[in-house]
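Reminder, nothing fancy here: chain letters follow the sequence lines and each chain counts from 1. As the structure is a computational prediction, the values presented were derived from the model and not from experiment.
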Amino acid sequence: MEKELNKILENTLHIFNLTHIPIEIEIPRDESYGDLSTPIAMRLAKTLKKPPKIIAEEIKKNIYENYPHIFEKIEVAGQGFVNFKFKEEFLLEELIKIIANHRDYLNFDIGKGKKVLLEFVSANPTGPLHLGHGRGAAVGMALCNIMEAGGYKVFKEYYINDAGVQIKKLGHSVYARYRQKLCDERDYPFPEDGYRGDYIEEIVLNNELSSLLKEYNLCKDTFEEISSLVNNLSCQLMLKDIKKDLADMNVHFDTWKSEKELYDKGMVQEAIEHLRDKGLIYEKDSALWFKSTVYGDDKDRVVLKSNGEYTYFASDIAYHKYKLDRGFEEIIDIWGADHHGYIPRISSALQALGLHSENFNVLLIQMVTLLRDGKPVQMSKRAGEFITLREIIDEIGPDTTKFLFLFRRHDTPLEIDIEKAKEQSADNPVYYVQYAHARISSIIEKAENLGVKLDIQKIKPSNFRLNEDELRIVKKILSYPMLFKSTVKTREPHRIAFYLYELAGLFHPYYHKYRVITEDRDITLSRLALCICAKIIFKEGLTLLGVSAPDKM
RNA sequence: GCCCCCUUAGCUCAGUAGGAUAGAGCACAGGUUUCCUAAACCUGGUGCCGCAGGUUCGAUCCCUGCAGGGGGCACCA
């Protein structure tokens, strides 16, 4: 609907010898202002040196004359808005088009095949995923689906931080627990900064670890002797759990990139050399520094410490270089909001490597707090007391978990009330939306059983009989493209979730007020068409969010 | 001290890349089931959009300052 208006406005402005004018179209707040509206006359007032109302009148007159079959009413209002009300017939034609070819309606070519690397979750494999990771996973997966529907080519990658001291701590913790549990050495010292969570014990008691270490005598060999083996195995087992959590959330990655591999293949050194060749690396206090200030960072950053070790930032540079080397044109990283301070330095590195800053985007994911009985559940990672993503998925199910993660802008803190999430009531938006889909499915099924079937080839707008409530739903459905485009542009998946919630909020009352299957054949077919369309949208939206769209509940 | 984010109805939050008279849900009160799924629906009313300036035809939205809340500052990861 907005696409047609856009074209019409473009043609109209062309008549006035105006080309390449950005056309804004919006849905007016108040229904009485029409279906769509444009403030274009106010925009043009300056260039044309005419009052906006005069311009608006000219636009109105012109469109009225040339497109009498599309508009019911065109009005000039306010300071110069042009408000459009479509003819019912036009709206219904649009509806039929959706049913006839919904892929065409739901997919867009905003990205024009642009290759995007989307990196998300990337949690250190030193413990189970927590809620924040889950939120990042949900947002990442949804964003990927959305951008692909928007014509981008998106690759999803998980970066495994398996090279640093954290992995050593993990291995050391596992080793110490092993001595304590399986070697009868209850007093074996546990590393002070080790990981104390129960999951360490689970790794130790896991038969897989024991069997993999059969050839070694862990009770005799010192940690130093077998550390690399234990570190590695612990990391592998941890990753296995992480992969399972993500798989159960239906989150999948195209590639899992290991940090350790970057070192083993000399890519870290290579990346630093590359920057050195560009004159962006210098030595100070026997350390190597990257001139990130050249690209707007507050201060230069160390890449090679004076003790000869690379910083975490060094491997990050190498990793992001690797992203570019594979030909990706846009880099999107999804991070916890506590990492926001890293944006300038990574952005600097990418710019130094030749990427324009607008092609690097970071989505920051804010904290998730869990409420039980209305009170926040205290979490402390050091003491090993925290609620894992796994526990929440098991308790409230993956669909609810994902939807709740996506029912808020990603950069604002989120509270999840676990009692409410389990309630499966109106407090729980995911059920509200899914239920609308299930209800529609049930209606369509019933109609089929009664032998009522919509023949899309034969149906014409003149067959339709839709009332005011129904037209409101039709318009909401027809506004999907606008919503979708804004979601792609802003990279804010929550907009889809809110849209679906609003659509469900129109459908449920409608369902309650009217019956779809009636004695009147035309009315039945009309309403059925509306239902089929709504179902297409619910299904699409939920799928984009990674949430299931059940036919029965 | 410096940087980032947040501040909208009693509560939780939207607000369509600057538009018209700022919206939902919850909570609270009352009601609805012979009917395609009651996990639903209907009827009730609320706002110094944190404060103060600025930009302009127009600001909840952009800029500056201030206040309150959260997060971050490293040759940690």
Student: Measure the CG-CG distance between A/Leu530 and A/Leu525 for me, rounded to the nearest 0.5 Å.
Tutor: 12.5 Å
Student: Could you measure the distance from the CG atom of A/Asn231 to the OG1 atom of A/Thr126? Nearest 0.5 Å is fine.
Tutor: 12.0 Å
Student: Ignoring the backbone of A/Arg43, work out which of B/G18, B/C36, B/C75 is nearest its side chain.
Tutor: B/G18
Student: Within this structure, what is the CD-to-P distance between A/Glu75 and B/G19, rounded to whole angstrom?
Tutor: 21 Å
Student: So, does A/His410 use its side chain to make a donor-acceptor pair with the main chain of A/Glu492 at under 3.5 Å?
Tutor: no
Student: Between B/G72, B/G19, B/C36, which nucleotide has the shortest distance from any of its atoms to the side chain of A/Ile443?
Tutor: B/C36
Student: Does A/Tyr514 reach a base, just sugar-phosphate, or nothing at all? Heavy atoms under 4.0 Å.
Tutor: base
Student: Between B/A24 and B/U46, how far is it from one P atom to the other, in whole Å?
Tutor: 14 Å
Student: Ignoring backbone atoms, test whether A/Tyr499 places a side-chain nitrogen or oxygen under 4.0 Å from the OP1 or OP2 oxygen of B/G15.
Tutor: no
Student: If we ignore hydrogens and angles and just use 3.5 Å, is the side chain of A/Thr524 paired with the main-chain N or O of A/Thr518 as donor and acceptor?
Tutor: yes
Student: Tell me whether the rings of A/Phe484 and A/Phe108 are parallel (<30°), tilted (30 to 60°) or perpendicular (>60°).
Tutor: parallel
Student: Quote, to the nearest angstrom, the P distance that separates B/A29 from B/G65.
Tutor: 48 Å
Student: Please determine whether a side-chain nitrogen or oxygen atom of A/Arg408 lies at a distance below 4.0 Å from atom OP1 or OP2 of B/G15.
Tutor: no
Student: Measure from the side-chain heavy atoms of A/His512 and tell me the nearest of B/C41, B/C75, B/G19.
Tutor: B/C41
Student: Between A/Asp411 (CG) and B/U7 (P), how many Å, whole number?
Tutor: 9 Å
Student: Take atom CG of A/Leu44 and atom P of B/G19, then tell me their distance rounded to the nearest Å.
Tutor: 17 Å
Student: Of all the choices, B/A14, B/A74, B/G71, which nucleotide is nearest to the side chain of A/His494 once you look at every atom?
Tutor: B/A14
Student: Using a heavy-atom cut-off of under 4.0 Å over every strand shown, decide if A/His339 touches base, sugar-phosphate, or nothing.
Tutor: base
Student: To the side chain of A/Lys299, which of B/U16, B/A74, B/A39 is closest?
Tutor: B/A74
Student: May I ask you to check whether A/Phe403 and A/Phe407 place their ring centres under 6.0 Å from each other?
Tutor: yes
Student: Return yes if some donor-acceptor pair links the side-chain N/O of A/Asp285 with the main-chain N/O of A/Ala287 below 3.5 Å, else return no.
Tutor: no
Student: Tell which nucleotide pairs with B/G50, taking only Watson-Crick or G-U wobble pairs whose two distances are both under 3.5 angstrom.
Tutor: B/C66
Student: Between N or O atoms, less than 3.5 Å apart, protein on one side and nucleotides 21-23 of chain B on the other: list the pairs.
Tutor:
none

Student: Side chain of A/Arg301: nearest nucleotide among B/U16, B/A74, B/G19?
Tutor: B/A74
Student: Under a 3.5 Å limit for both distances, which nucleotide forms a Watson-Crick or G-U wobble pair with B/C36, could you say?
Tutor: none
Student: Touch check for A/Asn83, heavy atoms < 4.0 angstrom, all strands: base, sugar-phosphate only, or nothing?
Tutor: base
Student: Give A/Ser37 one of three labels, base, sugar-phosphate or nothing, depending on what nucleic acid heavy atoms sit under 4.0 Å from its own.
Tutor: base
Student: When you measure from the side chain of A/His340, which nucleotide among B/G71, B/C5, B/G19 comes out closest?
Tutor: B/G71
Student: Any non-hydrogen side-chain atom of A/Glu445 less than 4.5 Å from a side-chain atom of A/Lys552?
Tutor: yes
Student: A/Ile167 has an atom CD1; how far is it from atom C1' of B/C76, in whole Å?
Tutor: 15 Å
Student: Base, sugar-phosphate alone, or nothing: which one does A/Asp162 contact when heavy atoms must sit under 4.0 Å apart?
Tutor: nothing
Student: Within less than 4.0 Å of OP1 or OP2 of B/A39, is there a side-chain N or O belonging to A/Tyr431?
Tutor: no
Student: Would A/Arg472 and A/Glu31 pass as an ion pair if we require N to O under 4.0 Å?
Tutor: yes
Student: Now, which nucleotide makes the Watson-Crick or G-U wobble pair with B/U12, with each of the two distances under 3.5 Å?
Tutor: B/A24
Student: Once you apply the 3.5 Å cut-off to both distances, tell me the Watson-Crick or G-U wobble partner of B/G1, or none.
Tutor: B/C73
Student: Give none if B/U56 has no partner; otherwise give the nucleotide forming a Watson-Crick or G-U wobble pair with it, both distances under 3.5 Å.
Tutor: none
Student: What's the gap between B/C66 and B/C2 when it is taken at their P atoms, as a whole Å value?
Tutor: 9 Å
Student: For atom C1', what is the distance between B/C49 and B/A22, given to the nearest Å?
Tutor: 8 Å
Student: For A/Ala438, which contact category applies under a 4.0 Å heavy-atom criterion: base, sugar-phosphate, or nothing?
Tutor: base
Student: Which part of the nucleic acid does A/Val165 contact within heavy-atom distance under 4.0 Å: base, sugar-phosphate only, or nothing?
Tutor: sugar-phosphate
Student: Just checking A/Phe498: base, sugar-phosphate only, or nothing, at a heavy-atom cut-off of under 4.0 Å?
Tutor: sugar-phosphate
Student: For A/Gln166, which contact category applies under a 4.0 Å heavy-atom criterion: base, sugar-phosphate, or nothing?
Tutor: sugar-phosphate
Student: Please work out if A/Met482 contacts a base, only the sugar-phosphate, or nothing of the nucleic acid, heavy-atom cut-off 4.0 Å.
Tutor: nothing
Student: For A/Lys305 and B/C76, is the shortest distance between a side-chain N/O and OP1 or OP2 below 4.0 Å?
Tutor: yes
Student: Please name the nucleotide paired to B/U43 by Watson-Crick or G-U wobble geometry with both distances under 3.5 Å, or report none.
Tutor: B/A29
Student: Quantified in whole Å, what is the P atom distance between nucleotide B/G15 and nucleotide B/G72?
Tutor: 25 Å
Student: Taking atom P in both B/U8 and B/G69, compute the distance separating them and give it to the nearest angstrom.
Tutor: 14 Å
Student: Can you figure out which of B/A14, B/A17, B/C41 approaches the side chain of A/Pro509 most closely?
Tutor: B/C41
Student: Ignoring hydrogens and angles, are the base of B/G15 and the side chain of A/Arg409 linked by a donor-acceptor pair under 3.5 Å?
Tutor: no
Student: Check whether any side-chain N or O of A/Lys513 sits under 4.0 Å from OP1 or OP2 of B/C42, and answer yes or no.
Tutor: no
Student: Give me the distance, rounded to whole Å, that separates B/C11 from B/C28 when you measure between the C1' atoms they each carry.
Tutor: 12 Å
Student: Is the A/Tyr319-A/Tyr159 ring centre distance short of 6.0 angstrom?
Tutor: yes
Student: Within the side chain of A/His320, is there an N or O that forms a donor-acceptor pair under 3.5 Å with the backbone of A/Asp316?
Tutor: yes
Student: Hey, can you tell me if A/Phe498 and A/His494 have their rings parallel, tilted or perpendicular (30° and 60° cut-offs)?
Tutor: perpendicular
Student: Mind checking A/Tyr511 for me? I need base, sugar-phosphate or nothing, with any heavy atom below 4.0 Å counting as a touch.
Tutor: base
Student: Given B/A24, B/A17, B/A14, which nucleotide is nearest the side-chain atoms of A/Tyr501?
Tutor: B/A24
Student: Where the side chain of A/Ala287 is concerned, which of B/C75, B/A38, B/U56 is the nearest nucleotide?
Tutor: B/C75
Student: Report the distance from atom CD1 of A/Ile40 to atom P of B/G19, rounded to the nearest whole Å.
Tutor: 14 Å
Student: Is there a donor on the side chain of A/Thr412 or the base of B/C6 sitting less than 3.5 Å from an acceptor on the other?
Tutor: no
Student: Can you tell me the distance, in whole Å, between the CG atom of A/Asp298 and the P atom of B/G72?
Tutor: 17 Å
Student: Suppose you measure atom P in B/C61 against the same atom in B/U56; what distance do you get, rounded to whole Å?
Tutor: 16 Å
Student: Who does B/A17 pair with, Watson-Crick or G-U, both distances under 3.5 Å?
Tutor: none
Student: Assign A/Asp285 to base, sugar-phosphate, or nothing according to its heavy-atom contacts below 4.0 angstrom with the strands shown.
Tutor: base
